[in-house]
Number of protein chains: 2
Amino acid sequence: MNTNTNFIEKLRSSGLRPTKQRIKICEALFDRNETFHFTINDLAKTIEEKLNEKISLATVYNTVHAFKKKGYLKEISINSDKSYFDTNTSVHHHFFDEDTNELIDCNQENIDSINIKNNITGKKINSVEVLIKVASDYQNQK
Amino acid sequence: MNTNTNFIEKLRSSGLRPTKQRIKICEALFDRNETFHFTINDLAKTIEEKLNEKISLATVYNTVHAFKKKGYLKEISINSDKSYFDTNTSVHHHFFDEDTNELIDCNQENIDSINIKNNITGKKINSVEVLIKVASDYQNQK
DNA sequence: TTCTATATTATAATTATTCTAAACTGTTGA
DNA sequence: TCAACAGTTTAGAATAATTATAATATAGAA
Ligand SMILES: [Mn+2]
Ligand SMILES: [Mn+2]
Ligand SMILES: [Zn+2]
Ligand SMILES: [Zn+2]
């Protein structure tokens with residue numbers, strides 16, 4: 001596998017041992033054309049069902065957090081129930097579909113750049129992100 | 001207490017029985033000049049320590065959710081660990097101080113109105129909110 | 001190959017939140 | 001006024017997401 005060689009290099013170069021499990025998780029996450037959003041449970045299920053590998057849930061948590069720390073993943077909090085992760089690590093905006101609980105990337109060009117007139121004194125702005133909550137046009141009640 | 005009479009009316013008019021506990025929680029939440037952010041645990045502690053009343057945690061959860069449903073509170077998800085609630089129920093932006101985990105309101109005039117050029121087809125925009133993550137100028141690592 | 005730091009794993013622990021079911025209370029209408 | 005009942009509170013159990021533990025396994029260096 002050519003891609004696996006890349007993953008091994010990527011892991012090694014960031015100081016992570018390229019273990020069987022980490023490589024599998026790389027496959028599940030980065031062997032794609034498009035970025036996507038997932039929960040830890042989604043990921044564990046995908047690996048078990050589609051990639052036919054059983055990785056301990058603790059390892060999936062550890063690896064996802066290690067990848068986040070290395071900047072390969074980004075964590076997104078929309079509702080408090082569970083945490084979403086994003087393979088798109090750039091600062092970017094989201095639509096959140098309240099009907100389906102789906103998180104959808106919003107192109108940066110879709111929103112004009114946002115200017116913060118007064119920042120908190122003594123602090124540096126790390127990110128400015130917009131969350132657009134949408135729902136079906138009918139039924140306003142949730 | 002004059003305010004309590006108001007709380008009783010408010011509760012009654014929204015179809016919630018004005019129980020001792022709900023009135024206490026109203027006091028803790030709405031007997032102030034400024035809106036604020038809190039977690040359920042903060043609230044339970046405040047009631048116990050400052051208002052010298054012990055309310056079951058289940059009741060605090062129930063009441064906060066009932067108030068949210070009635071539109072008196074708003075839930076905010078910043079990190080997945082716990083849920084923040086806001087007595088400012090308007091659509092508004094936030095600063096989140098990553099050093100202190102503090103959530104701070106951002107005046108609407110502090111950001112020019114945001115125009116979404118392309119919305120998701122068939123969906124209505126319910127809210128557009130900005131989250132600005134800030135941290136101390138030194139130390140970039142978390 | 002051997003050694004050691006790291007990583008994985010099953011499992012237990014923790015934490016936030018929700019559920020349950022019994023006891024209690026605000027409201028209503030006789 | 002007060003009994004009756006629906007709605008509410010409560011302690012504690014249950015759940016679900018996540019993290020900690022500690023024994024076992026493995027990658028990489030020597
Ligand atoms: Mn909730
Ligand atoms: Mn986390
Ligand atoms: Zn995204
Ligand atoms: Zn706020």
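Here is how names work: the chains are called A, B, and so on, in the same order as the sequence lines, proteins then strands, and each is numbered from 1.
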Value in whole Å for how far the P atom of dA10(C) lies from CG of Asn62(A): 13 Å
Measure up the Phe30(A) and Phe7(A) rings against each other and bin them: parallel (under 30°), tilted (30 to 60°), perpendicular (over 60°). tilted
Atom NZ of residue position Lys123(B) - does it have more than 12 heavy atoms of other residues, nucleotides or ligands inside 6.0 Å? yes
All N/O contacts under 3.5 Å from nucleotides 20-24 of chain C to the protein, with atom names and distances to one decimal?
none

Rounded off to whole Å, could you give me the NZ-to-C1' distance for the Lys54(B) and dG12(D) pair? 12 Å
Between Lys133(B) and Asp97(B), is there a side-chain N and carboxylate O pair less than 4.0 Å apart? no
Against the side chain of Arg17(A), the closest entry in dT19(D), dT8(C), dA27(D) is dA27(D)
With hydrogens left out and only the distance checked, is there a donor-acceptor pair under 3.5 Å joining Arg22(A)'s side chain and the base of dA7(C)? no
If each end axis of the helix from dT1(C)-dA30(D) to dA30(C)-dT1(D) is fitted on five C1' pair positions, the angle between them, to 10 degrees, is 20°
In whole angstroms, the gap separating P of dT11(C) from CD1 of Ile55(A) amounts to 18 Å
Among all residues two or more places apart in sequence or in another chain, which pass the side chain to side chain donor-acceptor pair (under 3.5 Å) test with Ser127(B)? none
Figure out the NZ/C1' separation between Lys24(A) and dA7(C), and round it to whole Å. 18 Å
With respect to the phosphate group of dT25(C), does any side-chain polar atom (N or O) of Gln21(B) fall under 4.0 Å of OP1 or OP2? no
If the cut-off is 4.0 Å, is Thr19(A) near the phosphate of dT8(C), judged by side-chain N/O to OP1 or OP2? yes
May I ask you to decide whether Lys50(A) forms a salt bridge with Glu27(A), counting only side-chain N to carboxylate O separations under 4.0 Å? no
Examine dT17(C): is either OP1 or OP2 under 4.0 Å from a nitrogen or oxygen in the side chain of His65(B)? Give yes or no. no
By nearest nucleotide on DNA chain C, pick out whichever of Lys20(A) and Pro18(B) is the more 5' one. Lys20(A)
So, Glu49(A) and Lys54(A), do they make that salt bridge, N to O below 4.0 Å? no
Does Tyr61(B) make a side-chain N or O approach to OP1 or OP2 of dT17(C) shorter than 4.0 Å? yes
